[in-house]
Protein chains: 2
Amino acid sequence: MAGNGARPDAHTDLLWMARALEMARAGAVRGEVPVGAVLVAEGRILAEAHNATVALSDPTAHAEVLVLREGGRRTGDWRLTNATLYVTLEPCAQCAGAIVLARIPRVVYGASDPKAGMAGSLGNLLQDPRLNHQSEVHGGVLAREAGVLLQTFFRERRKA
Amino acid sequence: MAGNGARPDAHTDLLWMARALEMARAGAVRGEVPVGAVLVAEGRILAEAHNATVALSDPTAHAEVLVLREGGRRTGDWRLTNATLYVTLEPCAQCAGAIVLARIPRVVYGASDPKAGMAGSLGNLLQDPRLNHQSEVHGGVLAREAGVLLQTFFRERRKA
(Lines give C-alpha, C1' and ligand atoms only; values in the text may rest on other atoms or scores of the structure.)
Protein backbone atom coordinates (compact mmCIF):
# COMPACT_ATOMS: atom_id res chain seq x y z
CA MET A 1 0.00 0.00 0.00
CA ALA A 2 1.30 3.44 -0.86
CA GLY A 3 1.42 5.97 1.94
CA ASN A 4 0.29 9.60 1.94
CA GLY A 5 -2.92 9.11 -0.02
CA ALA A 6 -1.22 7.81 -3.16
CA ARG A 7 -3.64 5.00 -4.02
CA PRO A 8 -2.24 2.85 -6.81
CA ASP A 9 -4.74 2.12 -9.57
CA ALA A 10 -3.76 0.32 -12.79
CA HIS A 11 -5.98 2.45 -15.03
CA THR A 12 -4.76 5.72 -13.51
CA ASP A 13 -1.15 4.54 -13.86
CA LEU A 14 -1.73 3.86 -17.56
CA LEU A 15 -3.18 7.30 -18.14
CA TRP A 16 -0.29 9.15 -16.48
CA MET A 17 2.30 6.96 -18.16
CA ALA A 18 0.69 7.72 -21.53
CA ARG A 19 1.21 11.39 -20.71
CA ALA A 20 4.86 10.71 -19.78
CA LEU A 21 5.26 8.97 -23.17
CA GLU A 22 3.90 12.06 -24.90
CA MET A 23 6.59 14.08 -23.16
CA ALA A 24 9.25 11.54 -24.24
CA ARG A 25 8.08 11.86 -27.86
CA ALA A 26 8.30 15.65 -27.64
CA GLY A 27 11.88 15.21 -26.44
CA ALA A 28 12.79 12.97 -29.39
CA VAL A 29 11.58 15.62 -31.84
CA ARG A 30 14.06 18.03 -30.21
CA GLY A 31 16.96 15.58 -30.42
CA GLU A 32 16.89 14.65 -26.74
CA VAL A 33 17.07 11.05 -25.53
CA PRO A 34 13.33 10.30 -25.40
CA VAL A 35 12.52 9.87 -21.74
CA GLY A 36 9.51 11.62 -20.23
CA ALA A 37 8.29 12.12 -16.67
CA VAL A 38 5.15 13.38 -14.98
CA LEU A 39 4.86 14.26 -11.29
CA VAL A 40 1.31 13.84 -9.99
CA ALA A 41 -0.19 14.92 -6.67
CA GLU A 42 -3.85 14.71 -5.69
CA GLY A 43 -4.87 13.68 -9.19
CA ARG A 44 -3.21 16.64 -10.86
CA ILE A 45 0.01 17.23 -12.79
CA LEU A 46 2.48 19.09 -10.62
CA ALA A 47 5.22 19.01 -13.28
CA GLU A 48 6.05 17.30 -16.55
CA ALA A 49 9.25 17.21 -18.58
CA HIS A 50 11.39 15.35 -21.04
CA ASN A 51 15.16 14.98 -20.94
CA ALA A 52 16.76 18.29 -21.84
CA THR A 53 20.48 17.59 -21.45
CA VAL A 54 21.31 18.91 -24.92
CA ALA A 55 19.04 21.97 -24.97
CA LEU A 56 20.17 23.13 -21.52
CA SER A 57 23.82 21.94 -21.75
CA ASP A 58 23.04 20.41 -18.37
CA PRO A 59 24.31 16.92 -17.51
CA THR A 60 21.73 16.67 -14.70
CA ALA A 61 18.70 17.55 -16.88
CA HIS A 62 17.03 14.16 -16.93
CA ALA A 63 13.23 14.20 -16.99
CA GLU A 64 12.95 13.01 -13.37
CA VAL A 65 15.26 15.72 -11.98
CA LEU A 66 13.42 18.39 -13.97
CA VAL A 67 10.00 17.41 -12.57
CA LEU A 68 11.33 17.14 -8.99
CA ARG A 69 12.87 20.59 -9.30
CA GLU A 70 9.68 22.09 -10.73
CA GLY A 71 7.51 20.22 -8.21
CA GLY A 72 9.49 21.70 -5.32
CA ARG A 73 9.28 25.16 -6.83
CA ARG A 74 5.51 24.94 -7.32
CA THR A 75 4.72 23.55 -3.87
CA GLY A 76 7.34 25.67 -2.08
CA ASP A 77 8.62 22.53 -0.35
CA TRP A 78 11.54 20.34 -1.36
CA ARG A 79 9.83 17.39 0.34
CA LEU A 80 7.40 15.94 -2.18
CA THR A 81 5.84 13.41 0.19
CA ASN A 82 2.47 13.52 -1.56
CA ALA A 83 3.51 12.92 -5.15
CA THR A 84 3.78 9.96 -7.52
CA LEU A 85 6.51 10.07 -10.15
CA TYR A 86 5.83 8.49 -13.55
CA VAL A 87 8.80 8.01 -15.85
CA THR A 88 9.10 6.09 -19.11
CA LEU A 89 12.54 4.59 -18.31
CA GLU A 90 13.89 3.08 -15.12
CA PRO A 91 15.73 5.84 -13.19
CA CYS A 92 19.54 6.03 -13.29
CA ALA A 93 21.65 6.52 -10.12
CA GLN A 94 21.34 10.30 -10.20
CA CYS A 95 17.57 10.23 -10.62
CA ALA A 96 16.99 7.44 -8.09
CA GLY A 97 19.11 9.41 -5.63
CA ALA A 98 17.08 12.56 -6.33
CA ILE A 99 13.83 10.63 -5.75
CA VAL A 100 15.16 9.52 -2.35
CA LEU A 101 16.14 13.12 -1.47
CA ALA A 102 12.65 14.33 -2.43
CA ARG A 103 10.96 11.61 -0.33
CA ILE A 104 8.75 10.50 -3.24
CA PRO A 105 6.47 7.75 -1.86
CA ARG A 106 5.70 6.01 -5.16
CA VAL A 107 7.52 5.60 -8.47
CA VAL A 108 6.03 4.04 -11.61
CA TYR A 109 8.32 3.41 -14.54
CA GLY A 110 8.08 1.98 -18.05
CA ALA A 111 11.03 0.19 -19.63
CA SER A 112 13.80 -1.36 -17.58
CA ASP A 113 17.36 -0.12 -18.17
CA PRO A 114 19.81 -3.02 -17.87
CA LYS A 115 22.80 -0.67 -18.42
CA ALA A 116 22.11 2.02 -15.83
CA GLY A 117 18.79 1.32 -14.07
CA MET A 118 18.96 1.73 -10.30
CA ALA A 119 15.39 0.72 -9.46
CA GLY A 120 15.99 -3.01 -9.73
CA SER A 121 18.26 -3.67 -12.72
CA LEU A 122 21.86 -2.75 -11.73
CA GLY A 123 20.89 -1.95 -8.16
CA ASN A 124 17.92 -0.61 -6.21
CA LEU A 125 18.59 2.77 -4.65
CA LEU A 126 14.85 3.38 -4.29
CA GLN A 127 14.53 0.57 -1.80
CA ASP A 128 17.89 0.57 -0.05
CA PRO A 129 17.17 0.00 3.67
CA ARG A 130 20.40 1.88 4.56
CA LEU A 131 19.09 5.15 3.13
CA ASN A 132 16.62 7.36 4.99
CA HIS A 133 13.75 6.89 2.52
CA GLN A 134 12.30 4.04 0.49
CA SER A 135 9.73 4.33 -2.31
CA GLU A 136 7.10 1.92 -3.49
CA VAL A 137 8.17 0.97 -7.03
CA HIS A 138 6.11 -0.37 -9.91
CA GLY A 139 7.86 -1.06 -13.23
CA GLY A 140 6.82 -2.26 -16.68
CA VAL A 141 3.92 0.15 -17.36
CA LEU A 142 3.78 0.78 -21.14
CA ALA A 143 7.31 -0.64 -21.19
CA ARG A 144 7.12 -1.78 -24.81
CA GLU A 145 6.08 1.64 -26.09
CA ALA A 146 8.83 3.35 -24.08
CA GLY A 147 11.43 0.85 -25.26
CA VAL A 148 10.50 1.13 -28.95
CA LEU A 149 10.73 4.91 -28.72
CA LEU A 150 14.28 4.70 -27.32
CA GLN A 151 15.42 2.01 -29.77
CA THR A 152 14.10 3.99 -32.75
CA PHE A 153 15.82 7.14 -31.50
CA PHE A 154 19.22 5.50 -31.12
CA ARG A 155 18.89 3.65 -34.46
CA GLU A 156 18.13 6.91 -36.28
CA ARG A 157 21.00 8.65 -34.51
CA ARG A 158 23.49 5.97 -35.56
CA LYS A 159 22.36 6.46 -39.18
CA ALA A 160 22.82 10.24 -39.04
CA MET B 1 46.80 9.24 -12.78
CA ALA B 2 43.99 11.58 -13.72
CA GLY B 3 43.12 11.82 -17.39
CA ASN B 4 42.35 14.88 -19.48
CA GLY B 5 45.03 17.14 -18.13
CA ALA B 6 43.78 17.13 -14.55
CA ARG B 7 47.10 16.84 -12.74
CA PRO B 8 46.57 16.08 -9.06
CA ASP B 9 48.66 18.23 -6.75
CA ALA B 10 48.22 18.18 -2.96
CA HIS B 11 48.74 21.92 -2.52
CA THR B 12 46.34 22.82 -5.30
CA ASP B 13 43.76 20.43 -3.88
CA LEU B 14 44.02 22.14 -0.48
CA LEU B 15 43.52 25.58 -2.00
CA TRP B 16 40.40 24.61 -3.93
CA MET B 17 38.98 22.67 -1.00
CA ALA B 18 39.49 25.73 1.21
CA ARG B 19 37.37 27.64 -1.30
CA ALA B 20 34.69 24.90 -1.19
CA LEU B 21 34.71 25.23 2.63
CA GLU B 22 34.10 28.97 2.29
CA MET B 23 31.05 28.16 0.17
CA ALA B 24 29.85 25.65 2.78
CA ARG B 25 30.17 28.32 5.51
CA ALA B 26 28.17 30.76 3.39
CA GLY B 27 25.47 28.09 3.14
CA ALA B 28 25.35 27.59 6.91
CA VAL B 29 24.73 31.32 7.44
CA ARG B 30 21.68 30.98 5.19
CA GLY B 31 20.34 27.94 7.04
CA GLU B 32 21.40 25.42 4.42
CA VAL B 33 23.18 22.17 5.28
CA PRO B 34 26.79 23.39 5.01
CA VAL B 35 28.23 21.60 2.02
CA GLY B 36 30.18 23.51 -0.62
CA ALA B 37 31.52 22.61 -4.03
CA VAL B 38 33.85 24.16 -6.58
CA LEU B 39 34.23 23.00 -10.18
CA VAL B 40 37.68 23.76 -11.59
CA ALA B 41 38.94 23.54 -15.16
CA GLU B 42 42.33 24.66 -16.43
CA GLY B 43 43.20 26.24 -13.08
CA ARG B 44 40.07 28.40 -12.97
CA ILE B 45 36.74 28.23 -11.17
CA LEU B 46 34.02 27.20 -13.60
CA ALA B 47 31.31 27.21 -10.93
CA GLU B 48 30.95 27.28 -7.15
CA ALA B 49 27.94 26.71 -4.92
CA HIS B 50 26.65 25.63 -1.56
CA ASN B 51 23.60 23.49 -0.91
CA ALA B 52 20.45 25.50 -1.62
CA THR B 53 17.66 23.00 -1.03
CA VAL B 54 15.78 25.31 1.34
CA ALA B 55 16.25 28.59 -0.54
CA LEU B 56 15.21 27.07 -3.89
CA SER B 57 12.63 24.57 -2.52
CA ASP B 58 14.54 22.14 -4.71
CA PRO B 59 15.27 18.62 -3.45
CA THR B 60 18.02 18.25 -6.06
CA ALA B 61 19.88 21.47 -5.12
CA HIS B 62 22.96 19.92 -3.57
CA ALA B 63 26.22 21.83 -4.10
CA GLU B 64 27.56 19.26 -6.58
CA VAL B 65 24.47 19.32 -8.81
CA LEU B 66 24.46 23.13 -8.78
CA VAL B 67 28.07 23.38 -9.97
CA LEU B 68 27.60 20.69 -12.64
CA ARG B 69 24.54 22.52 -13.96
CA GLU B 70 26.36 25.86 -13.99
CA GLY B 71 29.50 24.30 -15.46
CA GLY B 72 27.49 22.88 -18.37
CA ARG B 73 25.75 26.21 -18.91
CA ARG B 74 29.03 28.14 -18.95
CA THR B 75 30.89 25.77 -21.27
CA GLY B 76 27.88 25.04 -23.48
CA ASP B 77 28.56 21.33 -23.13
CA TRP B 78 26.97 18.89 -20.70
CA ARG B 79 30.14 16.77 -20.86
CA LEU B 80 32.58 18.24 -18.35
CA THR B 81 35.49 16.00 -19.25
CA ASN B 82 38.08 18.61 -18.37
CA ALA B 83 36.94 19.55 -14.86
CA THR B 84 37.80 18.55 -11.31
CA LEU B 85 35.02 18.65 -8.73
CA TYR B 86 35.88 19.63 -5.16
CA VAL B 87 33.20 19.04 -2.52
CA THR B 88 33.39 19.24 1.26
CA LEU B 89 31.28 16.10 1.87
CA GLU B 90 31.34 12.71 0.16
CA PRO B 91 28.70 12.77 -2.61
CA CYS B 92 25.29 11.11 -2.06
CA ALA B 93 23.73 8.78 -4.66
CA GLN B 94 22.15 11.64 -6.60
CA CYS B 95 25.37 13.63 -6.78
CA ALA B 96 27.58 10.64 -7.54
CA GLY B 97 25.14 9.71 -10.33
CA ALA B 98 25.27 13.28 -11.66
CA ILE B 99 29.09 13.21 -11.64
CA VAL B 100 28.99 10.02 -13.74
CA LEU B 101 26.53 11.62 -16.18
CA ALA B 102 28.80 14.67 -16.52
CA ARG B 103 31.89 12.49 -17.13
CA ILE B 104 33.92 14.30 -14.45
CA PRO B 105 37.42 12.76 -14.52
CA ARG B 106 38.45 13.61 -10.96
CA VAL B 107 36.57 14.16 -7.69
CA VAL B 108 38.14 15.41 -4.46
CA TYR B 109 36.03 15.36 -1.31
CA GLY B 110 36.45 16.29 2.34
CA ALA B 111 34.52 14.43 5.04
CA SER B 112 33.20 10.92 4.52
CA ASP B 113 29.45 10.37 4.90
CA PRO B 114 28.79 6.99 6.52
CA LYS B 115 24.99 7.45 6.22
CA ALA B 116 24.67 8.33 2.54
CA GLY B 117 28.11 8.55 0.92
CA MET B 118 28.34 6.82 -2.44
CA ALA B 119 32.04 7.40 -3.16
CA GLY B 120 33.29 4.61 -0.91
CA SER B 121 31.20 4.59 2.28
CA LEU B 122 27.81 2.98 1.51
CA GLY B 123 28.79 2.17 -2.05
CA ASN B 124 30.97 3.55 -4.82
CA LEU B 125 28.99 4.79 -7.79
CA LEU B 126 31.97 6.86 -8.96
CA GLN B 127 33.98 3.73 -9.66
CA ASP B 128 31.33 1.19 -10.63
CA PRO B 129 32.77 -0.76 -13.57
CA ARG B 130 29.23 -1.49 -14.82
CA LEU B 131 28.54 2.20 -15.50
CA ASN B 132 29.87 4.02 -18.58
CA HIS B 133 32.19 6.35 -16.68
CA GLN B 134 34.53 6.09 -13.71
CA SER B 135 36.21 8.99 -11.88
CA GLU B 136 39.46 9.18 -10.02
CA VAL B 137 38.47 9.82 -6.40
CA HIS B 138 40.47 11.38 -3.59
CA GLY B 139 38.80 11.77 -0.18
CA GLY B 140 39.78 13.22 3.20
CA VAL B 141 41.00 16.67 2.09
CA LEU B 142 40.26 19.15 4.93
CA ALA B 143 37.92 16.47 6.24
CA ARG B 144 38.09 17.60 9.85
CA GLU B 145 37.13 21.19 9.00
CA ALA B 146 34.23 20.02 6.83
CA GLY B 147 33.03 17.60 9.50
CA VAL B 148 33.16 20.16 12.33
CA LEU B 149 31.14 22.59 10.21
CA LEU B 150 28.41 19.99 9.66
CA GLN B 151 28.37 18.81 13.29
CA THR B 152 28.11 22.39 14.59
CA PHE B 153 25.28 23.14 12.15
CA PHE B 154 23.20 20.13 13.20
CA ARG B 155 23.90 20.71 16.90
CA GLU B 156 22.71 24.34 16.66
CA ARG B 157 19.64 23.25 14.70
CA ARG B 158 18.66 20.71 17.35
CA LYS B 159 18.84 23.47 19.98
CA ALA B 160 16.63 25.84 18.01
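Numbers restart at 1 for each chain; the letters A, B, ... are given by sequence-line order, proteins then strands.
- We find the CZ-OG distance between B/Arg79 and A/Ser57 to be 9.5 Å, quoted to the nearest 0.5 Å.
- Grouping the Ile, Leu, Val, Met, Phe, Trp and Tyr side chains by contacts below 4.5 angstrom, directly or via other members, places B/Val108 with B/Leu21.
- Following chains of ILVMFWY side-chain contacts shorter than 4.5 Å, one can reach B/Ile104 starting from B/Leu126, so the two form part of one hydrophobic cluster.
- With B/Val65 as the partner, the side-chain contact (heavy atoms from CB on, under 4.5 Å) test is satisfied by one option alone out of A/Val65, A/Thr60, A/Asp58: A/Thr60.
- Inspection of non-hydrogen atoms places B/Cys92, B/Ala93, B/Gln94, B/Gly97, B/Ala98, B/Leu101, B/Ala102 of residues 87-102 of chain B under 4.5 Å from chain A.
- Residue A/Leu56 is found in a hydrophobic cluster whose other members, listed by chain and number, are A/Leu66; membership requires side-chain heavy atoms under 4.5 Å apart, directly or through intermediates.
- The candidate with the highest count of non-hydrogen atom pairs below 4.5 Å against chain B, out of A/Gly72, A/Ala61, A/Ala116, is A/Gly72.
- Residues of residues 22-41 of chain A having a heavy atom under 4.5 Å from any heavy atom of chain B: none.
- One hydrophobic cluster, built from ILVMFWY side chains closer than 4.5 Å, cannot hold both A/Tyr86 and A/Val137; they sit in different ones.
- Residue-level contacts of residues 146-159 of chain B with chain A do not occur; threshold 4.5 Å between heavy atoms.
- No path of Ile, Leu, Val, Met, Phe, Trp and Tyr side chains, each step under 4.5 Å between heavy atoms, connects A/Val141 with A/Tyr109, placing them in separate hydrophobic clusters.
- No continuous path of hydrophobic side-chain contacts links B/Trp16 to B/Leu46 [ILVMFWY only; heavy atoms under 4.5 Å].
- Ranking B/Leu68, B/Leu122, B/Val54, B/Asp77 against chain A, the residue ahead of the rest is B/Leu122, based on heavy-atom pairs under 4.5 Å.
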